[in-house]
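What follows is one structure encoded as C-alpha cells, with my remarks underneath.
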Amino acid sequence: MSKGNELRFLHWGYRPHCDVEMEKHFVGYHSLQLTTRGQVSITYDDVEHHLGGTCFWFHYPGPYTRLKPGEAKFWEHRHVAFAGPLCKVWEGAELLAQPPLSCPPEQRAEFITRFDQIFTWLDQDGTASLAKARALLEVVLWELWEIRRNPTRRHSVMDAATQFAAEHKFRVGSYEKLASDLGLSLSSLRREVRKTTGMPIHQFTRTLRLREARRLLRHTDSTLAQIADALGFTDVYYFNREFSRLAGISPGAYRQSAF
C-alpha cells in the first residue's frame with residue numbers, strides 16, 4: 001500500500017513476534033521502527049547494535065544493513081515506511097538516518113499510542129487522515145531529536161547499571177550496592193531494568209558482557225585468555241562455552257568472520 005505525494009507512506013504495521021534475518025541495501029525509502037520486546041541485532045556496514053527492550057531504529061538508504069534476532073530469538077515491533085521529497089527536508093534537520101535510540105521508560109506508552117494512531121489514520125481514506133498521520137510522524141521524529149540532544153532525559157539508572165557491570169567485570173551478582181547508591185530498593189532497580197530492556201538484570205548483564213566480548217574480538221588483538229579475564233570469566237574454556245552458547249558461534253570463528 002502507498003499513500004501521499006510529498007510524503008508517500010509505503011507500508012506500516014505491528015508485528016508481535018518478528019524473527020526476520022535480512023541483508024540488503026535500502027534504496028529510495030526510510031522506515032522508523034519501534035521495538036518493545038525481545039532483542040534484535042542490526043548492523044550498518046560494520047557498526048553493530050544489539051538492541052533490547054524499548055528502542056527506536058531506522059532503515060535508510062546508504063549502508064549495507066544486516067538484521068537478525070538477538071538472544072531472545074524474536075522481537076516485537078511497530079514500523080512505518082515512507083519516501084518522497086519531505087524525506088530530504090527531514091534528513092537536513094537530522095531527523096532521519098540516525099543510530100538506534102533507547103526509549104525513555106516514562107515515554108514508552110506514549111510512543112506506542114502515537115504509532116498506533118498513525119496506523120489508524122493510514123488505514124482510513126482521505127487527505128485529512130493522511131495529513132494527520134504525516135504530522136504525527138514528524139512530531140515523533142522531532143521528539144526523538146530532542147531526546148538525543150538532552151542527555152539528562154536518558155536512563156540514568158541504566159547508565160549506572162551499565163557502568164556497575166563493567167566495573168565488576170560483568171559478573172552476575174548482588175546489586176544491592178548499586179540500588180542503594182541510586183536511592184532505590186533492589187526490587188525497584190530490578191523492575192526498572194526489566195521495564196527498560198525487557199529482560200531481568202542478570203540477563204541484561206550477560207548481554208552487556210557479550211557485547212563487550214564482540215567489541216574486543218573485533219577491534220583488539222587481545223588473546224582469548226586476556227579477553228576472558230577482562231570480562232570476569234574464570235577461565236578461557238568457560239568464556240568459549242558461554243560466548244558460543246549466546247552468540248551461536250565460537251569466539252575464534254567470530255573474530256575471523258566478516259559479519
Side-chain angles (χ1 to χ4, degrees), residues 2 4 6-13 15 18-103 111 115 118 137-138 140-149 151 154 162 197 207-208 210-220 246-249 253-259:
S2 179
E6 179 185 12
L7 186 75
R8 300 189 308 279
F9 286 97
L10 306 176
H11 48 84
W12 54 90
R15 294 188 66 176
C18 187
D19 57 1
V20 171
E21 294 193 28
M22 176 203 72
E23 297 187 24
K24 64 182 287 187
H25 281 289
F26 284 83
V27 178
Y29 75 95
H30 295 256
S31 71
L32 175 62
Q33 317 275 332
L34 170 60
T35 296
T36 46
R37 260 189 332 130
Q39 292 98 38
V40 57
S41 173
I42 184 165
T43 304
Y44 303 112
D45 289 332
D46 62 350
V47 180
E48 287 184 289
H49 302 275
H50 303 284
L51 311 178
T54 305
C55 56
F56 295 91
W57 43 283
F58 288 95
H59 288 315
Y60 55 94
Y64 189 68
T65 302
R66 303 177 180 90
L67 185 71
K68 65 178 182 179
E71 184 180 350
K73 307 303 182 185
F74 83 100
W75 70 94
E76 174 187 73
H77 79 160
R78 290 162 172 82
H79 83 280
V80 56
F82 45 90
L86 188 54
C87 289
K88 289 296 183 182
V89 178
W90 287 350
E91 286 175 358
E94 299 183 348
L95 300 185
L96 301 178
Q98 297 295 319
L101 175 67
S102 294
C103 177
F111 277 118
F115 266 75
I118 289 172
L137 174 59
E138 186 163 9
V140 169
L141 292 173
W142 276 113
E143 287 182 340
L144 299 184
W145 181 93
E146 185 70 24
I147 291 169
R148 291 182 193 280
R149 283 153 182 79
R154 301 291 181 87
T162 300
T197 68
T207 300
L208 291 176
L210 177 62
R211 184 174 68 186
E212 179 64 5
R214 284 182 165 128
R215 187 190 71 80
L216 292 172
L217 287 167
R218 182 177 290 273
H219 298 294
T220 75
L246 295 174
I249 186 174
Y254 178 83
R255 172 168 267 174
Q256 296 174 13
S257 70
F259 188 79

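With hydrogens and angles disregarded, no donor-acceptor distance shorter than 3.5 Å links the side chain of R78 to the backbone of L34. A donor-acceptor contact shorter than 3.5 Å is absent between the side chain of E143 and the backbone of L141.
Considering CG of D45 and OG1 of T65, their distance stands at 7.5 Å, rounded to 0.5 Å. To the nearest 0.5 Å, the span separating CD on E91 from CG on L96 amounts to 5.5 Å. Taken from NE2 in H50 to CG in L208, the straight-line distance is 11.0 Å, to the nearest 0.5 Å. In this structure, CG in L67 is found 8.0 Å from OG in S41, a value given to the nearest 0.5 Å. Interatomic distance, C103 SG to I147 CD1, rounded to the nearest 0.5 Å: 6.0 Å.
The shortest side-chain heavy-atom distance between Y29 and H59 does not fall under the 4.5 Å cut-off. By the 4.5 Å heavy-atom criterion applied to side chains, R15 and V20 are counted as neighbours. Using a 4.5 Å cut-off on side-chain heavy atoms (C-beta onward), R215 and E48 make no contact. Counting heavy atoms from C-beta outward, W12 and L137 have side chains that stay 4.5 Å or more apart.
Note: F56 and F115 have tilted aromatic rings, judged against thresholds of 30 and 60 degrees for the angle between ring planes. The aromatic rings of Y44 and Y60 sit tilted relative to each other, their planes meeting at an angle between 30° and 60°. Taking the six-membered ring where tryptophan is involved, the planes of W57 and W75 are perpendicular, since the angle between them exceeds 60° and thus also 30°.
Nearest heavy atoms, C18 versus H77: SG-NE2, 4.3 Å. Between M22 and K24, the shortest heavy-atom distance links the atoms SD-CD, 3.6 Å. The nearest pair of heavy atoms linking P63 to H25 is O-ND1, 3.3 Å. Contact record, I249 with Y254: CD1-N, 3.7 Å, taken as the closest heavy-atom pair. Pairing each heavy atom of G28 with each of A83, the nearest pair is O-CB, 3.3 Å. Residue R148 comes nearest to P100 through the heavy atom pair NH1-O, 4.1 Å, listed as atom of the first residue, atom of the second, then distance.
The closest side-chain donor-acceptor pair between T35 and Q33, if any, does not fall under 3.5 angstrom.
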Practice problem: Take T220 and R255 through the side chain to side chain contact (heavy atoms under 4.5 Å, CB included) test and state the conclusion after the steps. | Solution: CA-CA 10 Å; T220 75; R255 172 168 267 174; 4.0 Å; yes
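Other residues, nucleotides and ligands contribute only 12 or fewer heavy atoms inside 6.0 Å of the NZ atom of K88.
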